[in-house]
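So the structure is just underneath, and the comments pick up after that.
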Amino acid sequence: MGLSDFQHEIYLGGLGDVRPEFPTDLSTLEAVAEERLDPQAFGYVAGAAGSGATARANREAFDRWRLVPRMLRDVSGIDLSVNVLGTPMPAPVLLAPIGVLSILHPEGEAAVARAAAALGVPMLLSTAASRTMEEVAEAAGPRWYQLYWPKDRDLAESFLRRAEAGGYEVLVVTLDTFKLAWRPRDLDTAYLPFLRGIGVQNYFSDPVFRAAVGGEVTEENQTGAILHWVANFGDPTLTWDDLAWLRGRWDGPIVLKGIQHLDDARRAAYAGMDGIVVSNHGGRQVDGAVAALDQLPKIVDTVGDRLSVLFDSGVRTGADAAKALALGAEAVLVGRPYAYGLGLGGEAGVRHVLRCLLAELELTLALCGAGSVRELGRDLLA
Ligand SMILES: Cc1cc2nc3c(=O)[nH]c(=O)nc-3n(C[C@H](O)[C@H](O)[C@H](O)COP(=O)(O)O)c2cc1C
C-alpha cells in the first residue's frame, strides 16, 4: 500500500481542522467546476457531440457493471505498478491528451506536466496543446506524444522529430478527430479556442509551419496563420495504407487512439501497430456512437494478445478504472476530471485529482481481494 496513504493524510489533516480543498468524489468535480469556471471554457471541456447521447452512454456503461469483491486473499502487499509499451508507471493510469488547457488555467499543460511528474504518472501531450512540446518536456516526467496528423506531411514529420527530440516515448495517433464534430454547446456560444490563437502553439512554433506562413507568427500575420492551421489541421484522405508512412518515421511504439470497431482493432494489429486506445473521445465526436466500455471486452478478446489495449471515455473514479482494467484494458486514460482539477486549482488541483484516483483504485483492488492488476479479472465483475 502506498497510493492510498492519501486517505490517511486527509484524515490526519482533519485533526488540525484541515480539509481537502477539492471534492474527493471525482464524479462530483464537474458540478463544482461549472460553478467556478468561466462558462465558455467549462462548456468547451464538459461539452459533447450532438445531443450528448454518447457521453451519457459512456457513464451508463460503467453503471451496468458491478464489482464482486473476494475475501481472505492476503492483499497486504498490493502493487499497482505496471509497464506499458516500455514505460513504467505507478498504476495503469495515464493522463489523456487534452488540448487548449490554458483556457482553464494560465499555466495550462505545464502545470499538468508538473503534477503528473510528481506522481510518476505518464502524460499524453496533445498536438493541440497551448504550450509547445519543448516547454512541456522540460516540466514533464514520463511522456507520450499525441499526434493530430496534419495534411502537410512535412509538418507531420517535423512534429515527430520534435517529439522524439523532446523525449516523448510513445506516439499516439488520434484517428477520430480529423475534423471537429457538431458540438452544440460551443456552437451556441460560437466559441472555438483555436481561432483565438489558443491550442495552436505547437504549430506556430514549428519551422515547417512557419516557413509555410512566411516566418514567425506575429499579430500581423496571425489571422493568416490560423487560416493555414484550419486548412491543415486534419487529413480526411487518410486510410490504413498511410500507417506505413508513420511506421517508417517513428522508432518507438505507435498507438492508435479512437478505435471502436472490432474490425479496426484487427486492422491496427495487421498494420503493425503496438497498441490502441478504445475510445470515443469522451463522446465528443460521433453522437449516438456506442459506449466505449461496451466495445472493450470483445476488442480485448480479439486483439489483446497482439496489441496493448488501452481505454478511455467515462472514467471518473478509481472504481471505474478497476472495472475497465477487469474487462481487460492494460491501462486507462483519464480525461475531463484532471482538466477540472486544473481549472479549479492549477497544478495542485491536478495533483489532487490524480491522488484521489490512484488512492481509490488501490483501495478498490485491496477490498476486492486483488493483490495486483493481473488479479483483476472478469471473475470480479457482474
Ligand atoms: C476539452 C477536451 C479536449 C480534448 N483534446 C484532445 C486532444 O487534443 N487530442 C486527443 O487525442 N483527445 C482529446 N480529447 C479527448 C481525450 O483525450 C479523451 O479521449 C477523453 O477526454 C476521454 O473521456 P473522458 O473525458 O470521459 O475521460 C479531449 C477531450 C476534452 C474533454
Side-chain angles (χ1 to χ4, degrees), residues 1-12 14 20 23-29 58-85 87-95 119-122 275 277-278 291-305 307-334 337 352-382:
M1 307 296 267
L3 301 173
S4 58
D5 289 347
F6 189 37
Q7 184 194 37
H8 304 148
E9 195 181 307
I10 291 173
Y11 286 133
L12 283 172
T24 54
D25 172 1
L26 300 179
S27 67
T28 65
L29 266 185
N58 283 340
R59 294 294 307 139
E60 287 157 13
F62 276 99
D63 267 347
R64 282 198 305 275
W65 287 107
R66 298 288 165 187
L67 292 158
V68 187
R70 301 289 311 269
M71 302 298 135
L72 295 174
R73 306 233 290 193
D74 184 3
V75 285
S76 54
I78 205 157
D79 178 15
L80 287 196
S81 64
V82 290
N83 184 308
V84 181
L85 294 169
T87 303
M89 44 195 94
V93 173
L94 303 93
L95 292 186
L119 297 166
V121 171
V277 184
V278 177
L293 195 71
D294 287 340
Q295 294 303 92
L296 178 63
K298 53 192 165 200
I299 289 179
V300 167
D301 290 344
T302 309
V303 298
D305 55 342
L307 294 174
S308 279
V309 179
L310 313 188
F311 172 85
D312 79 26
S313 295
V315 174
R316 294 291 172 271
T317 67
D320 291 340
K323 289 176 186 176
L325 295 167
L327 287 171
E330 204 171 311
V332 300
L333 280 51
V334 58
H352 170 87
V353 167
L354 281 173
R355 293 187 81 191
C356 287
L357 192 72
L358 297 180
E360 194 185 356
L361 177 60
E362 187 177 88
L363 286 170
T364 303
L365 257 79
L367 295 170
C368 284
S372 69
V373 182
R374 228 173 315 108
E375 288 174 34
L376 194 59
R378 289 188 203 167
D379 57 313
L380 297 183
L381 287 174

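FYI, the numbering just counts along the sequence from 1.
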Which atom pair, heavy atoms only, marks the closest approach of [X] to [Y]?
{"X": "V75", "Y": "A366", "result": "CG2-O, 3.4 Å"}
{"X": "F311", "Y": "A329", "result": "CB-CB, 3.9 Å"}
{"X": "A291", "Y": "A61", "result": "CB-CB, 3.7 Å"}
{"X": "L365", "Y": "V373", "result": "CD2-N, 4.0 Å"}
{"X": "G318", "Y": "T364", "result": "C-OG1, 4.3 Å"}
{"X": "T28", "Y": "D25", "result": "OG1-O, 2.7 Å"}

Roughly how far, to the nearest 0.5 Å, is the [atom2] atom of [Y] from the [atom1] atom of [X]?
{"X": "S4", "Y": "E9", "atom1": "OG", "atom2": "CD", "value": "11.5 Å"}
{"X": "F6", "Y": "H352", "atom1": "CZ", "atom2": "NE2", "value": "5.5 Å"}
{"X": "S372", "Y": "I78", "atom1": "OG", "atom2": "CD1", "value": "8.0 Å"}
{"X": "C356", "Y": "L3", "atom1": "SG", "atom2": "CG", "value": "12.5 Å"}
{"X": "D294", "Y": "N58", "atom1": "CG", "atom2": "CG", "value": "9.0 Å"}
{"X": "R316", "Y": "E360", "atom1": "CZ", "atom2": "CD", "value": "13.0 Å"}

Using a 4.5 Å cut-off on heavy atoms from C-beta on, say whether the side chain of [Y] contacts that of [X].
{"X": "P20", "Y": "I10", "answer": "yes"}
{"X": "F62", "Y": "V315", "answer": "yes"}
{"X": "V121", "Y": "L358", "answer": "yes"}
{"X": "V278", "Y": "L310", "answer": "no"}
{"X": "L361", "Y": "L357", "answer": "no"}
{"X": "L94", "Y": "M89", "answer": "yes"}
{"X": "V309", "Y": "E330", "answer": "no"}

Q) With D312, which of V277, V332, L293 fulfils side chain to side chain contact (heavy atoms under 4.5 Å, CB included)? A) V277
Q. What residues form a salt bridge (Lys or Arg N to Asp or Glu O under 4.0 Å) with R59, not counting sequence neighbours?
A. D320
Q.
Per the salt bridge (Lys or Arg N to Asp or Glu O under 4.0 Å) rule, what does the pair list look like for residues 366-380, sequence neighbours excluded?
A. D301-R378
**Q.** V300/L327 under side-chain contact (heavy atoms from CB on, under 4.5 Å): CA gap, chis, key distance, verdict
**A.** CA-CA 8 Å; V300 167; L327 287 171; over 6 Å; no
Q | Evaluation steps, side-chain contact (heavy atoms from CB on, under 4.5 Å), between L354 and L95 | A | CA-CA 9 Å; L354 281 173; L95 292 186; 3.7 Å; yes
